[in-house]
Amino acid sequence: MSKKYNFEQVEAKWQPVWEAMDLYAAGHDPDKPDRYILDFFPYPSGSGLSVGHARNYVPTCVSARFMRMQGYNVLHPMGWDAFGLPAENYAITHNIHPRESTRLFCDTYRRQMKLLECSYDWAREINSTHPDYYRWTQWFFLLLHERGLAYQALGEQWWCPGCQTILANEQVENGRCWRCDHEVTKKALQQWYFKITEYADRLLADLDTIDWPEPIKLMQRNWIGRSEGAEVVFRAAGGDEIAVFTTRPDTLFGVTFLALAPEHPLVAKLTTAGRQTAVSDYIAQSRRKSDIDRQATNQAKTGVFTGSSAIHPLTGQPVPVWVADYVLMGYGSGAVMGVPGHDERDFAFARQHGLEAIEVITPDGRPQGVEACFSDYGVLINSGDYSGMDSQTAVSRITADLAAQGKGRQHVSYKLRDWLISRQRYWGAPIPIVHCQSCGAVPVPADQLPVELPDIDDFAPSGNGRSPLARAADWVNTPCPRCGQPAQRETDTMDGFACSSWYFLRFASPRYEDGPFDPAAVARWLPVDTYVGGAEHAVMHLLYARFWTKVMFDAGLISFTEPFTQLRNQGMLLSNVDGRKMSKSRGNVVTPDEVAAQYGTDALRGCVLFLGPFDAEVTWEETAVRGVARFLDRFWRLVGEVAQEAFHAKAQRRKESKEFERRRHELVQRLTHDMAQFRFNTAVAALMEHLNYLLAAWEAGEGSAAQWQEMLNVYTRLLAPIAPFISEEVWQAVLGQPGSVHQQSWPSFEAAKAAAAQVTVVVQVNGKVRDRIVVDVGEEEGRVKQTAVSSPKVQQAINGQAIHNIIIIPQKLVNIVAG
RNA sequence: GCCGAAGUGGCGGAACUGGCAGACGCGCACGACUCAAAAUCGUGUUCCUUCGGGAGUGUGGGUUCGAUUCCCACCUUCGGCACCA
């Protein structure tokens, strides 16, 4: 056996052996519990994987290996979320079909993941762009449609008359097209939506049932944005009812104006003849603002008076009705009651336009004046019969009284909007709908799925706001599935997030043909036990997947309501060059290929684990790989020496050691704990620390031959999930053990045997460490105190002062309070 | 602006429920091996010090026998949301 660890040789030796054994195939032993550990499936880009990706995939691989050794059947699959705009843009600029570029990118990703020896069950690989897959994405569209959860509505999008195309929000600068500087307009398009808002309350409530990082749950809660309040009705002169939503009905007597969103349907009706020009000018002006401008919170609060007023439901006084674009049409009812005294925005608006403010809430019921806005709860004044009430009481009283008079009701509003899924793009799953003159939007029957993407040559935008698919006339024109008359296919494709809203189910039975999944396989593996990915999907993928899961549950397809029982976010890996995320365009990418070529796969794996805590953002450091590589070399050398000596039977002279045994139990205990907790950095540190101990113990002649044999056997198994190659080589070639180390059981420990018989106890005087004493674990407290007090160093520190108290923490510390 | 996370040696980071701050690794210094270098091995490495000690986990307070850990205020960095009535 060679002195130096030769990773190239060892990797080349075991890789094909494992592949031939199908080592990572999901287990099917009926006597073992099942475990599903899943990575967010990636969008394969042309850049390939960086070491940053390794930080995502190596920890889950280690965890999967750990679970296998702990006696679980483990499902750990991988696939590709490959529909999307980048592939389409790449196709346009490189003149290559996205199907082809996607294939190439996936090949690269797969090769690199194999290089990292990620223990995926490759037989279950899926690809969201294959008709076999998106057939079922379309099937789910039909399911949602059938259940009234998919609907069409007119939506507004930015439109550049110069370029004849739809623009993304980010492509509109100061109301002009970023390319041709043409003034943009808005174009109303018929778009498909999924009714996620219908699930808002369940999406909110069920967060309490899942083991996810709190920050992610909080982001979802904020995104859903549930607010309890009241709808209050103001009656306009012509009889029209203006409903406003407020969370503060207690401030109702402070209303001095109403404000409608520019898009509010009543604006035109309420605008008087004399105000016509001013109002339409204002609406045109605010339509031109980009969402970004319109949402800037520090800008002036603009608006115009409609000329109309409405009657206050409680005071009967007229209140002027304004149009203001700080009011959003998409939230509440698109109209607000203006309470300048108690709402910051209304305060700013009133000040700008010379509107009055009435003080109706003060901290203690004594008037303070309305020079500033007071938006906290308090005590009501100037509020008729409600004066003197505290805010909380007034909120429910006023709401109830309004309801009794038919002028309002309790109401809950959400920030969450329905999910717009139409994309005017080629590279996506076609929406399975046929538009028929007489039958309307007709779903394609399930047995006619998939609606396959037609082959076209030109993926560039059409210029008429329609998908490039619209140009594939042969494909577009099709008989109506209902009446057989000539009809046209829907030409929009689905948002890529539709594909990722159910893929975790597909892995349970990836080749199943009679449905999106085999119910038995899903019942066995799902929900996902551990789901791992970046925090950037907190309110997109993770919300959509939860939504679809609940829909499937309601449809009786599955028996669980949450798809991911446990979620963990891995931290980002930043470049050491510029401290930013690695990306090809910044030229700061370090590839796993180059690192593995220089230091080996095991060292690379160990390094990304050791660099920092699993969930913390860390900076790449090549020196860290060297540290891990050295550790592996030292392990190799020690094992070599021990094996050689055993061969020469010299080991018989070594002496048995209790401490040696104890530390073995302690190590197994630490590793077991760290692995289960995703604390891989300290797991690696514990192995390093223990190796340092072993090297010293070997030199000192500590540990009998049998103890060393057992120690190396255990240590190699503990190392196996982290460094699969070196541990396999040691296990089989050096230790001569039968079978793969990766099919062995995880070592066990006894907590009692991991505990030391004697411990060092710190002796403090007034909280400062003055001495350390060694005592037996079971030592009686009085004697420990006595030993502590009698220490010369302690006596010196006490310096003759009276002892007031002695605090003793068993096996840890004695603190003598003197003075 | 609002919400959230985090601030520990020269660096990345340890410290389970309040109990030895700095594990482990990097880097650096010195030594061994070598003609020499690399690699490897060994020793040391928070700062200050009059060598007795003293200070120290972003800053300032507080609770406690005892605080990196708990509480209050503030500063900095990062992430999310951004007129949500």
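Letters go in sequence order (proteins before strands), and every chain restarts at 1.
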Lys/Arg-Asp/Glu bridge criterion (N-O < 4.0 Å) met for A/Glu666, A/Arg662: yes
Please determine if A/Asp633 and A/Arg626 form a salt bridge, counting it only when a charged side-chain N lies under 4.0 Å from a carboxylate O. no
Ring centres under 6.0 Å, that's the criterion: do [X] and [Y] meet it?
X: A/Phe349; Y: A/Phe257; answer: yes
X: A/Phe680; Y: A/Phe678; answer: yes
X: A/Trp419; Y: A/Phe497; answer: no
X: A/Tyr715; Y: A/Phe635; answer: yes

For nucleotides 9-24 of chain B, read 5' to 3', which letter fits each nucleotide if B means a protein heavy atom sits under 4.0 Å from the base, S means only the sugar-phosphate is that close, and - means neither? ---BSSSB--BBS-BB
Looking only at side chains, do A/Thr197 and A/Tyr414 share a donor and an acceptor under 3.5 Å apart? no
In whole angstrom, give the distance that lies between atom [atom1] of [X] and atom [atom2] of [N].
X: A/Arg770; N: B/G66; atom1: CZ; atom2: C1'; result: 14 Å
X: A/Asn222; N: B/C3; atom1: CG; atom2: P; result: 10 Å
X: A/Glu536; N: B/C81; atom1: CD; atom2: P; result: 12 Å
X: A/His537; N: B/G80; atom1: NE2; atom2: P; result: 13 Å
X: A/Leu416; N: B/C81; atom1: CG; atom2: P; result: 14 Å
X: A/Ile816; N: B/C65; atom1: CD1; atom2: C1'; result: 11 Å
X: A/Phe234; N: B/A85; atom1: CZ; atom2: C1'; result: 12 Å
X: A/Arg626; N: B/A39; atom1: CZ; atom2: P; result: 6 Å

Suppose we screen for salt bridge (charged side-chain N to carboxylate O under 4.0 Å, His left out). Which residues come up paired with A/Asp250, at least two apart in sequence or across chains? A/Arg248
Looking only at side-chain N and O atoms, does [X] come under 4.0 Å of OP1 or OP2 in [N]?
X: A/Ser227; N: B/A85; result: yes
X: A/Arg630; N: B/C41; result: no
X: A/Arg637; N: B/U40; result: no

Any salt bridge (Lys or Arg N to Asp or Glu O under 4.0 Å) pairs touching residues 692-701 of chain A, not counting sequence neighbours?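 Listed once each, the pairs would be none.
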Rounding to the closest angstrom, what is the interatomic distance between [N] and [M] at atom [atom1]?
N: B/A39; M: B/U34; atom1: C1'; result: 11 Å
N: B/G60; M: B/A67; atom1: P; result: 15 Å
N: B/G22; M: B/A5; atom1: C1'; result: 23 Å
N: B/U68; M: B/G56; atom1: C1'; result: 11 Å
N: B/G42; M: B/G52; atom1: C1'; result: 32 Å
N: B/U8; M: B/U59; atom1: C1'; result: 15 Å
N: B/C28; M: B/A37; atom1: P; result: 16 Å
N: B/A21; M: B/A32; atom1: P; result: 36 Å

Base of B/G7 relative to its sugar, syn (within 90° of 0) or anti?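 Anti conformation here, the glycosidic angle of B/G7 being more than 90° from 0.
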Answer syn or anti for B/G31, where the cut-off is 90° from 0 on the glycosidic torsion.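 Anti conformation here, the glycosidic angle of B/G31 being more than 90° from 0.
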Pairs counted as Watson-Crick or G-U wobble with both distances under 3.5 Å: what dot-bracket string results for RNA chain B, using | for bases tied to another strand? (((((((..(((......[....)))((((((.......))))))(((....)))..(((((..]....))))))))))))....
In terms of side-chain heavy atoms of A/Leu218, which of B/G4, B/A85, B/C26 is nearest?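 Of B/G4, B/A85, B/C26, B/G4 is nearest to the side chain of A/Leu218.
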From C-beta outward on A/Tyr326, which listed nucleotide comes closest to its side chain: B/C83, B/A5, B/A85?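 The answer is B/C83.
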Tell me if the side-chain of A/Lys301 makes a donor-acceptor pair with the base of B/C83, cut-off 3.5 Å, by modelled atom types. yes
Residues in side chain to side chain contact (heavy atoms under 4.5 Å, CB included) contact with A/Pro215, at least two apart in sequence or another chain: A/Pro213
Hey, which of these two, A/Asn805 or A/Thr623, hits RNA chain B nearer its 5' end, going by closest nucleotide? A/Thr623
First of A/Ser413 and A/Val539 reached from the 5' end of RNA chain B, by closest nucleotide: A/Val539
Sequence-distant partners of A/Arg663, side-chain hydrogen bond (donor to acceptor under 3.5 Å, both in side chains), two or more places apart: none
